[in-house]
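Below: the structure, in structure tokens.
Heads up: numbering here begins at 1 and tracks the sequence. Remember, it's a predicted structure, so these values are computed and weren't measured experimentally. What's counted below: heavy atoms across the whole structure, side chains too, no hydrogens, waters or symmetry copies.
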Amino acid sequence: QVQLVESGGGLVQPGGSLRLSCAASGSIFSINAMGWYRQAPGKERELVAAITRVGTTNYADSVKGRFTISRDNAKNTVYLQMNSLKPEDTAVYYCNADVVSTGRGTAYLYWGQGTQVTVSS
């Protein structure tokens with residue numbers, strides 16, 4: 001079994017910064033892509049950013065230039081540095097990871113439990 005645990009959410013004023021972390025643990029052989037999604041009240045879950053094992057990144061247009069995704073493969077951890085935050089960034093942020101578990105030949109997509117980010121004055 002694999003678990004993803006997020007941390008770093010909270011309340012921040014517009015223009016502020018937060019750094020989210022997501023650590024994967026359990027029976028992990030390797031992790032392919034990792035990513036961050038968010039879901040605001042009344043809206044569908046949307047991709048924020050994703051990163052491959054070798055560091056290729058992809059961002060939603062709404063966060064380009066403000067958010068940076070990175071990962072530490074040795075720690076099985078993905079990060080999301082969020083700068084110049086806006087009220088419309090308010091949402092529950094979820095991480096996911098495409099994990100090949102020990103003893104298995106195929107990957108499975110795991111999700112974290114979510115962390116609340118609120119941008120408000």
Side-chain angles (χ1 to χ4, degrees):
Q1 190 58 280
V2 174
Q3 299 82 37
L4 300 183
V5 178
E6 297 129 336
S7 60
L11 173 65
V12 64
Q13 292 187 343
S17 298
L18 282 175
R19 188 191 193 211
L20 305 183
S21 300
C22 172
S25 62
S27 301
I28 299 171
F29 176 73
S30 66
I31 303 178
N32 300 320
M34 304 182 80
W36 289 95
Y37 283 69
R38 67 186 181 187
Q39 187 167 20
K43 294 188 177 181
E44 294 186 352
R45 189 173 297 190
E46 63 176 1
L47 172 69
V48 176
I51 185 168
T52 67
R53 182 170 181 82
V54 297
T56 302
T57 58
N58 180 41
Y59 295 93
D61 288 342
S62 59
V63 307
K64 283 181 180 176
R66 300 188 298 123
F67 292 9
T68 302
I69 189 170
S70 61
R71 64 188 283 174
D72 184 332
N73 290 334
K75 296 181 178 179
N76 291 329
T77 299
V78 63
Y79 306 95
L80 185 68
Q81 178 66 44
M82 304 185 293
N83 299 328
S84 302
L85 282 160
K86 305 175 180 180
E88 51 263 44
D89 295 317
T90 295
V92 178
Y93 284 69
Y94 300 89
C95 67
N96 70 6
D98 192 42
V99 179
V100 178
S101 296
T102 304
R104 296 188 176 184
T106 58
Y108 183 81
L109 190 65
Y110 291 88
W111 289 86
Q113 79 287 354
T115 185
Q116 177 70 45
V117 171
T118 302
V119 184
S120 176
S121 56

For Ala24 against Ile31, the heavy-atom pair lying closest together | CB-CD1, 3.9 Å
Which residues, ordered by chain and number, are linked to Phe29 in its hydrophobic cluster, where ILVMFWY side chains connect at heavy-atom gaps below 4.5 Å, directly or through other members?
-> Val100
Between Glu6 (side chain) and Gln113 (backbone), is there a donor-acceptor pair under 3.5 Å?
-> yes
One should read off an interatomic distance between Arg19 CZ and Thr68 OG1, to the nearest 0.5 angstrom, of 10.5 Å
dist Trp36:CH2 -> Leu20:CG (nearest 0.5 Å) comes out at 4.5 Å
Distance in Å, Glu88 CD paired with Ser62 OG, rounded so as to fall on 0.5 Å steps | 8.5 Å
Spell out, yes or no, whether Leu4 and Ile28 are grouped together once hydrophobic residues are joined by side-chain heavy atoms under 4.5 Å, including indirect joins.
-> yes
Under the side chain to side chain donor-acceptor pair (under 3.5 Å) rule, collect the residues that match up with Asn83, sequence neighbours excluded.
-> Ser17, Gln81
Applied to residues 112-121, the salt bridge (Lys or Arg N to Asp or Glu O under 4.0 Å) test, sequence neighbours excluded, yields none
Hey, could you give me the CG/OH distance between Asn32 and Tyr108, rounded to the nearest 0.5 Å?
-> 15.0 Å
Are the side chain of Arg71 and the backbone of Gly35 linked by a donor-acceptor contact shorter than 3.5 Å?
-> no
Using the test side-chain contact (heavy atoms from CB on, under 4.5 Å), find all partners of Ser120 that sit at least two apart in sequence or belong to another chain.
-> Leu11, Thr118
Sequence neighbours excluded, which residues qualify as side chain to side chain donor-acceptor pair (under 3.5 Å) partners of Asn96?
-> none
Student check: side-chain heavy atoms of Val5 and Ser25 closer than 4.5 Å = no
With sequence neighbours left out, which residue pairs that include part of residues 79-121 fulfil the disulfide bond (SG atoms under 2.5 Å apart) condition?
-> Cys22-Cys95
Under the ring pair (Phe, Tyr, Trp, His ring centres under 6.0 Å) test, residues paired with Tyr79 that sit two or more places apart | none
Is there a side-chain contact between Ile51 and Tyr59 (heavy atoms, below 4.5 Å)?
-> no
Non-neighbouring partners of Tyr37 that pass ring pair (Phe, Tyr, Trp, His ring centres under 6.0 Å), sequence neighbours left out | Trp111
Would you mind listing every salt bridge (Lys or Arg N to Asp or Glu O under 4.0 Å) that reaches into residues 29-41, with sequence neighbours excluded?
-> Arg38-Glu46, Arg38-Asp89
Those residues at least two apart in sequence (or on a different chain) that pass side chain to side chain donor-acceptor pair (under 3.5 Å) with Asp72 are none
Between Leu80 and Ala49, which heavy-atom pair has the shortest distance, and what is it?
-> CD1-CB, 4.3 Å
Non-neighbouring partners of Lys43 that pass side chain to side chain donor-acceptor pair (under 3.5 Å), sequence neighbours left out | none
Just how far is it from atom OH of Tyr94 to atom CZ of Arg45, taken to the nearest 0.5 Å?
-> 5.0 Å
Among residues two or more places apart or on two chains, list those pairs meeting disulfide bond (SG atoms under 2.5 Å apart) that have a residue in residues 29-87.
-> none
Spacing of CD1 belonging to Ile69 relative to CE belonging to Met82, to within rounding of 0.5 Å | 11.5 Å
